[in-house]
Amino acid sequence: MSACLNQIVFLLSIVLMIIKIAATDVCDICSCFEYEIDTYVISCKSYKNHVLEIDFEEIEWPPNENQSHMKAFFNNFPVNLLPKISGDSNVISINFDDNNIRTIASSPFEHFNNLEEISLANNRIADLTKDFLKSQTNLRLLNLSNNTLSAIDPNIIAHLNELREINLSHNFLTKITADFLEATEHVEVIRLENNKLYVIDNAFDKINYSLRELFLAHNHFTVITSAMFEKLTNLEVIDLSDNKILNIDNEAFTKLTALKLLDLSFNSIKRITIKLPNSLQLLSINNNNLNSWPLLNVPENLTELEIQDNSLDYLFPTDKNVPSLIRLDASTNLLHQLPEAQFINLEFLNLGFNLLKAVPHNINEKAPFLKELILDGNEISDIEFTEATTLVSISLCNLTSLHKINAYALQNLSGKNLTFDQLETCVAVKIAYNENLVEIEPDAFYGVRFCDLDLSYNSLQTIPQNLTNWEMIENGVNLQGNPLLCSCEQEWILEDIMKTLYDNEDHQELLLELRCENPEELKGKRLVQFLKHDDPFCKGTYESEPVLQSGIGRFLPNLLPISEDSSQTGKKIEFHLTPWTPGFIIIVTLCTIILILIIIVGVKWQRDQNLKLARRNRLYYDDY
Ligand SMILES: *[C@@H]1O[C@H](CO)[C@@H](O)[C@H](O)[C@H]1NC(C)=O
Ligand SMILES: *[C@@H]1O[C@H](CO)[C@@H](O)[C@H](O)[C@H]1NC(C)=O
Ligand SMILES: *[C@@H]1O[C@H](CO)[C@@H](O)[C@H](O)[C@H]1NC(C)=O
Ligand SMILES: *[C@@H]1O[C@H](CO)[C@@H](O)[C@H](O)[C@H]1NC(C)=O
Ligand SMILES: *[C@@H]1O[C@H](CO)[C@@H](O)[C@H](O)[C@H]1NC(C)=O
Ligand SMILES: *[C@@H]1O[C@H](CO)[C@@H](O)[C@H](O)[C@H]1NC(C)=O
Ligand SMILES: *[C@@H]1O[C@H](CO)[C@@H](O)[C@H](O)[C@H]1NC(C)=O
Ligand SMILES: *[C@@H]1O[C@H](CO)[C@@H](O)[C@H](O)[C@H]1NC(C)=O
Ligand SMILES: *[C@@H]1O[C@H](CO)[C@@H](O)[C@H](O)[C@H]1NC(C)=O
Ligand SMILES: *[C@@H]1O[C@H](CO)[C@@H](O)[C@H](O)[C@H]1NC(C)=O
């Protein structure tokens, strides 16, 4: 049966492969449809098993009584030559992406006189003929991305006064010449990422360059001189990420008074001191080798600084005030402390993976509006807030020196977010992945109102019952991944924490990796299995038969009766079964039936079935 099917499929594909269509009306071969009011799309795409053949020189464009605009796509044709195409003045966009074009005929688009977009991306064009764009006075966008161009003759584009965007990414260009810049004086966006560029020539004087965005990522720049961008004074975005930059002239960007975004990330910069225009809003200089502070000034409008993954041991050494900064990522450096400056508007601060030995002092004095503080991966051995500190959230993860959280550790910490009843504020605290954290003193969280408490993946065996008022933590408690001791003293966790989590579907996923480590006979078991037992740990009732037999054996081992957030439809329900128990057989049988249903009902089935499964699991669970 299936062999037979295979043969049919095979024969069909052969038949399709040898289909050769050479009709002239393009809509006989391709799909033509109205895309928007007044815009008609003609889409001609070949597929592996269905290779179209079109005589581009003889294309008959569809009759177009309303003079609608047409956008034409011819993709995946195995053509080496782009010939002179028969044209139509209503075509405003033509796309020859993903063909195999190496050679371009003389003036291929001569018969079109209203083209606004030409795209020839993903071909193998190494040379452009001089008259390639001769009659294209309306051209706004040119996409030559992913070809094999090693130079562009400026004369090809110099006459295109309407050209606004060029995509030359993924080619082999090595230089941006002054002639090229002159020829593109009206262009606003030039994409040149993934070339082999290492130099930009001095642009000519007395030209009003319109260039606003210049993308130069993944090239071969090693030095940025002050002449490179000097005349391009309308630049707003420069992306120089992923080059090999070692040095930058102090004045390289100074004249760019419209510059908003500068990306220097993923280079090899060790030591620079650059002056930046006050207009700059975002500076990314992360993932370099900086070992000294790179900025001569802090731009007035700088709102975001990414300086993570360097080797800095201080930040803002000479600045008393950093008024505009809202987000600062200085993680993975060699910092020992919070910088001395005033961060009037700072909301996000990541100081993770530095060399801090304690929670920084006077956080709110330095950054009164700070919301989110990340101190992960530091050398903090003692969590202590030495004065009143107000935050939305704090993260204290991957602290290998942290063994214990002492009494009143968070006493001075309060929140900025409102509780559901809007009467109090609460704070989100994450103290997770601290592999040596074995103890939290009972009074450690005294005085804190949590919105969220994440204590997952520490090395806690026991949790003090009166650590906090568990039921008041509105967004749930995460205790997963700790080596919990399932003893009588810890039985309260079932009642005080797990019931609440279980009753809130949004929090059920927090039960998934909540497992006993000890005693030995319970090792690896999910705590959720014991939820409906009567004093399971104190009376040992987990060893007796379940109170209600549901015909599926003792409690289904490892069955987790939860659906992860069923409000997000389409999500899978996770549960685990040990093979060859009666429950397993039942489930397998049901699955087989369901599989047959899949074939009948099709794709729409998935959603309904997820809901059904969730309900059924709940039933089984509640039965024993
Ligand atoms: C031309 O426009 C008229 C009115 O807007 C419409 O009824 C007609 O279907 C259009 N013809 C074509 C070929 O799109
Ligand atoms: C470039 O085009 C080739 C096919 O011509 C394709 O396989 C490759 O993925 C493209 N690369 C990019 C970056 O688009
Ligand atoms: C090239 O640009 C055109 C026009 O914006 C676009 O339709 C096409 O998807 C682009 N091609 C690639 C590979 O980005
Ligand atoms: C430019 O080309 C690159 C690579 O093909 C593509 O990822 C990008 O989307 C293109 N951009 C535009 C605006 O067409
Ligand atoms: C330069 O061009 C911009 C925008 O194209 C225009 O606003 C500005 O007035 C021009 N400046 C000069 C000196 O021509
Ligand atoms: C800083 O931003 C403000 C508000 O966006 C703007 O008015 C001002 O011109 C900018 N300053 C500079 C130097 O660009
Ligand atoms: C809380 O802050 C006060 C000063 O505001 C300080 O005296 C006290 O020691 C702090 N408490 C803790 C537990 O650090
Ligand atoms: C934090 O610790 C966890 C567990 O040890 C580890 O998987 C993770 O990679 C660590 N994070 C970082 C950024 O080192
Ligand atoms: C705090 O409140 C903001 C705004 O309502 C919300 O987006 C954010 O998720 C809350 N944060 C926490 C930790 O609850
Ligand atoms: C918590 O319980 C311990 C002993 O179980 C007790 O010493 C401590 O005073 C209690 N703390 C609070 C805040 O109730």
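Quick note: numbers below take in every heavy atom, side chains included, and nothing from hydrogens, waters or symmetry partners. Predicted model only: the values in this text are computed from it and were never measured. When a ligand or atom number is given, it counts from 1 through the structure's own listing order. Position 1 is the first residue of the sequence, and the numbers go up from there.
- For ligand 6, the atoms lying closer than 4.0 Å to a non-hydrogen atom of N301 are 1 (C), 2 (O), 3 (C), 8 (C), 10 (C), 11 (N), 12 (C), 14 (O).
- Counting the atoms of ligand 4 from 1 in the order shown, those under 4.0 Å from a heavy atom of R191 are 11 (N), 13 (C).
- Interface of E384 with ligand 7, defined as ligand atoms under 4.0 Å from a residue heavy atom, comprises 14 (O).
- Side-chain N or O atoms of N434 include none that pairs as donor or acceptor with a backbone N or O of N436 at under 3.5 Å.
- The shortest N or O to N or O distance between F385 and ligand 7 is under 3.5 Å.
- A salt bridge does not link K320 to E340: none of the charged nitrogens lies less than 4.0 Å from a carboxylate oxygen.
- The distance from ligand 4 to the heavy atoms of E165 drops below 4.0 Å at these ligand atoms: 13 (C).
- In the vicinity of Y408, heavy-atom distances shorter than 4.0 Å reach the ligand 7 atoms 13 (C).
- At a distance under 4.0 Å, no protein heavy atom can be found next to atom 4 (C) of ligand 6.
- Checked against a 6.0 Å centroid threshold, the rings of F73 and F96 do not count as neighbours.
- Between the Q342 side chain and the E365 main chain, a donor and an acceptor come within less than 3.5 Å of each other.
- Ligand 4 lies nowhere less than 4.0 angstrom from a heavy atom belonging to E193.
- Side chain of S324 to main chain of L302: a donor-acceptor pair is present (N/O by atom type, distance under 3.5 Å, no hydrogens or angles).
- Panel note: side chain N267, backbone I245; a donor-acceptor pair is recorded below 3.5 Å.
- At a threshold of 4.5 Å between non-hydrogen side-chain atoms, the residues V429 and V427 count as touching.
- On a distance-only criterion, S145 and ligand 4 share at least one N/O pair closer than 3.5 Å.
- Using cut-offs of 30° and 60° for the angle between ring planes, the Y35 and F33 rings count as perpendicular.
- Cation-pi geometry between K231 and Y209 is not met: the NZ or CZ atom fails to fall both under 6.0 Å from the ring centre and inside 45° of the normal.
- Of the possible polar contacts, none joining the H336 side chain to the N354 backbone as a donor-acceptor pair under 3.5 Å is found.
- Here N167 has side-chain heavy atoms under 4.0 Å from ligand 4, and that is the only part of it that gets that close.
- Atoms of ligand 4 found under 4.0 Å from any heavy atom of N143, numbered from 1 in the order shown, are 14 (O).
- Remark: atom 14 (O) of ligand 7 lies closer than 4.0 Å to at least one protein heavy atom.
- Interface atoms of ligand 4 facing S169, defined by a heavy-atom separation under 4.0 Å, are 1 (C), 2 (O), 3 (C), 4 (C).
- F369 has its ring centre no less than 6.0 Å from the ring centre of F343.
- Where the criterion is an N or O separation shorter than 3.5 Å, residue side chain and backbone included, N412 meets it with respect to ligand 7.
- Regarding atom 9 (O) of ligand 7, its nearest protein heavy-atom neighbour is T386 O, 4.6 Å.
- Residue contacts with ligand 4 leave out A121, since none of its heavy atoms falls under 4.0 Å from the ligand.
- Under the 4.0 angstrom criterion, atom 7 (O) of ligand 4 counts as lacking any protein heavy-atom contact.
- Below 4.0 Å from some heavy atom of H170 lie the following atoms of ligand 4, by number and element: 4 (C).
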